[in-house]
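Notes follow once the structure below has been shown.
So that the names make sense, note that chain A is the first sequence line, chain B the second, and so on, each numbered from 1. Side chains included, hydrogens not; waters and symmetry mates left out as well; all remaining heavy atoms used.
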Protein chains: 2
Amino acid sequence: MIGEHIRALRESNDVLLRQLAAQLEIDQAMLSKMERSERSFKREHIDVLAKIFKQPKKDLLTMWLADKILKTAKSEKFTKEALRLAIDNV
Amino acid sequence: MIGEHIRALRESNDVLLRQLAAQLEIDQAMLSKMERSERSFKREHIDVLAKIFKQPKKDLLTMWLADKILKTAKSEKFTKEALRLAIDNV
DNA sequence: TTAAATTGTCCAAAATTTGTCAAGTCTTTT
DNA sequence: AAAAGACTTGACAAATTTTGGACAATTTAA
């Protein structure tokens, strides 16, 4: 989710994987995986990305967190119910 | 959340920490912490607890998962937004 | 006082996450 | 056809985090 979004931003700005990876100070193989949701972005990456692509930090952060949440929740049954219950208890 | 619930069940059934801990095969100090949400129940504990207290497994499991979710989400900003977004992407 | 529960701390084991690399595909150039 | 550029893949080691459990010392309440 955040991955696809970053990829879209990167491509529409004609930035190469290798270039963005350099800005994030990570290996390009890693970024490739991150964009395809095989690995996760770090919290700090989000700030950098928001700056680079001039996106509202809130949006990226929300997506990033939603991914994180789904990762922990999705392996279990009753995910939706649990998410709803979680919202009620924030 | 699941902790308080288990505690309520335990007390209303007049079961001692030490007794329930024995049934779960864990240290009583650990169960004490679990009921106060200082530690987490294991997934397997939920099945045992549902049996012991004759509760629908689904309810306990949902609470347990909601706790797990909140644990990963609650440290960040925009938790609610992220939870909503997560629901939309299940 | 005794029983019940809580607290604090430490440790080991397990699980997750990270990084790196070499090799692989695919597409475009020359 | 060969080369070059962009990206992907898988495997593996290293690092970090999370977790669980033990136990002693306290606190709380009957």
**OP:** Hey, could you give me each pair passing side chain to side chain donor-acceptor pair (under 3.5 Å) that has a residue in residues 47-62 of chain A? Not counting sequence neighbours.
**Re:**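 Matches after skipping sequence neighbours: A:Arg43-A:Asp47, A:Asp47-A:Lys57, A:Lys58-B:Glu81.
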**OP:** Write down the atom of B:Met1, the atom of B:Met63, and the distance for their closest heavy-atom approach.
**Re:**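 Smallest heavy-atom distance, with atoms named: O-SD, 4.2 Å.
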Subject >> B:Asn13 to B:Leu9 - nearest heavy-atom pair and separation >> reply: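 Heavy-atom minimum between the residues: OD1-O, 2.8 Å.
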Heteroatom pairs (N/O) under 3.5 angstrom, protein to nucleotides 25-30 of chain C:
none

Taking N or O atoms only and anything under 3.5 Å, show me the protein contacts with nucleotides 12-20 of chain C, one pair per line.
{"unit_1": "C:dT17", "atom_1": "OP1", "unit_2": "A:Lys71", "atom_2": "NZ", "d": "3.1"}
{"unit_1": "C:dT17", "atom_1": "OP2", "unit_2": "A:Lys71", "atom_2": "NZ", "d": "3.1"}
{"unit_1": "C:dG19", "atom_1": "N7", "unit_2": "A:Arg39", "atom_2": "NH1", "d": "3.3"}
{"unit_1": "C:dG19", "atom_1": "O6", "unit_2": "A:Arg39", "atom_2": "NH2", "d": "3.2"}

**OP:** To the nearest 0.5 angstrom, please state how far the CD atom of A:Glu4 sits from the CD1 atom of A:Ile6.
**Re:**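 One finds 11.0 Å between CD of A:Glu4 and CD1 of A:Ile6.
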Subject >> Atom pair CG/CD1 of B:Leu65 and B:Ile2 - distance to nearest 0.5 Å >> reply: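 That separation rounds to 10.5 Å.
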**OP:** Would you mind reading off the bend of the helix from C:dT1-D:dA30 to C:dT30-D:dA1 from its two end axes, five pairs each, to 10 degrees?
**Re:**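 The end axes of the helix from C:dT1-D:dA30 to C:dT30-D:dA1 are about 30° apart, to the nearest 10°.
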Is there any protein nitrogen or oxygen under 3.5 Å from a nitrogen or oxygen in nucleotides 25-30 of chain D, and what are the pairs?
none

Run the side-chain donor-acceptor check on residues 15-33 of chain B: report pairs under 3.5 Å with partners two or more places apart or on a different chain.
{"unit_1": "B:Gln19", "atom_1": "OE1", "unit_2": "B:Leu16", "atom_2": "N", "d": "2.8"}
{"unit_1": "B:Asp27", "atom_1": "OD1", "unit_2": "B:Ala29", "atom_2": "N", "d": "2.7"}
{"unit_1": "B:Ser32", "atom_1": "OG", "unit_2": "B:Arg36", "atom_2": "NE", "d": "3.4"}
{"unit_1": "B:Ser32", "atom_1": "OG", "unit_2": "B:Arg36", "atom_2": "NH2", "d": "2.8"}

Original post:
Who passes salt bridge (Lys or Arg N to Asp or Glu O under 4.0 Å) against A:Arg7, sequence neighbours left out?
Top reply: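 A:Arg7 satisfies salt bridge (Lys or Arg N to Asp or Glu O under 4.0 Å) with A:Glu35 once adjacent residues are dropped.
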Subject >> A:Phe53 and A:Leu49, any side-chain heavy atoms less than 4.5 Å apart >> reply: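 A:Leu49 vs A:Phe53: side chains touch.
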Subject >> A:Leu60 side chain near A:Phe41 side chain, heavy-atom distance below 4.5 Å >> reply: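 Heavy-atom side-chain distance check fails, nothing below 4.5 Å.
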Every protein N/O lying under 3.5 Å from an N/O of nucleotides 2-5 of chain C:
{"unit_1": "C:dA4", "atom_1": "OP1", "unit_2": "B:Arg18", "atom_2": "NH2", "d": "3.1"}
{"unit_1": "C:dA4", "atom_1": "OP2", "unit_2": "B:Arg18", "atom_2": "NH2", "d": "2.0"}
{"unit_1": "C:dA5", "atom_1": "OP1", "unit_2": "B:Arg10", "atom_2": "NH1", "d": "3.3"}
{"unit_1": "C:dA5", "atom_1": "OP2", "unit_2": "B:Leu17", "atom_2": "N", "d": "3.0"}
{"unit_1": "C:dA5", "atom_1": "N7", "unit_2": "B:Gln28", "atom_2": "NE2", "d": "3.3"}

Original post:
Among all residues two or more places apart in sequence or in another chain, which pass the side chain to side chain contact (heavy atoms under 4.5 Å, CB included) test with A:Lys42?
Top reply: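 Side chain to side chain contact (heavy atoms under 4.5 Å, CB included) list for A:Lys42, sorted by chain: A:Glu44, A:His45.
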**OP:** Can you sort out the partners of A:Ser40 under side chain to side chain contact (heavy atoms under 4.5 Å, CB included), two or more places apart, ordered by chain and number?
**Re:**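 Counting only residues at least two positions away or on another chain, A:Ser40 forms a side chain to side chain contact (heavy atoms under 4.5 Å, CB included) with A:Lys71.
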Grab the [atom1]-[atom2] distance between [X] and [N] for me, whole Å please.
X	N	atom1	atom2	result
B:Leu31	D:dA22	CG	P	13 Å
A:Glu38	D:dT8	CD	C1'	9 Å
B:Leu24	D:dG20	CG	C1'	14 Å

Do any side-chain atoms of residues 82-90 of chain B form donor-acceptor pairs under 3.5 angstrom with protein atoms, and if so which ones, sequence neighbours left out?
{"unit_1": "B:Asn89", "atom_1": "ND2", "unit_2": "B:Leu85", "atom_2": "O", "d": "2.8"}

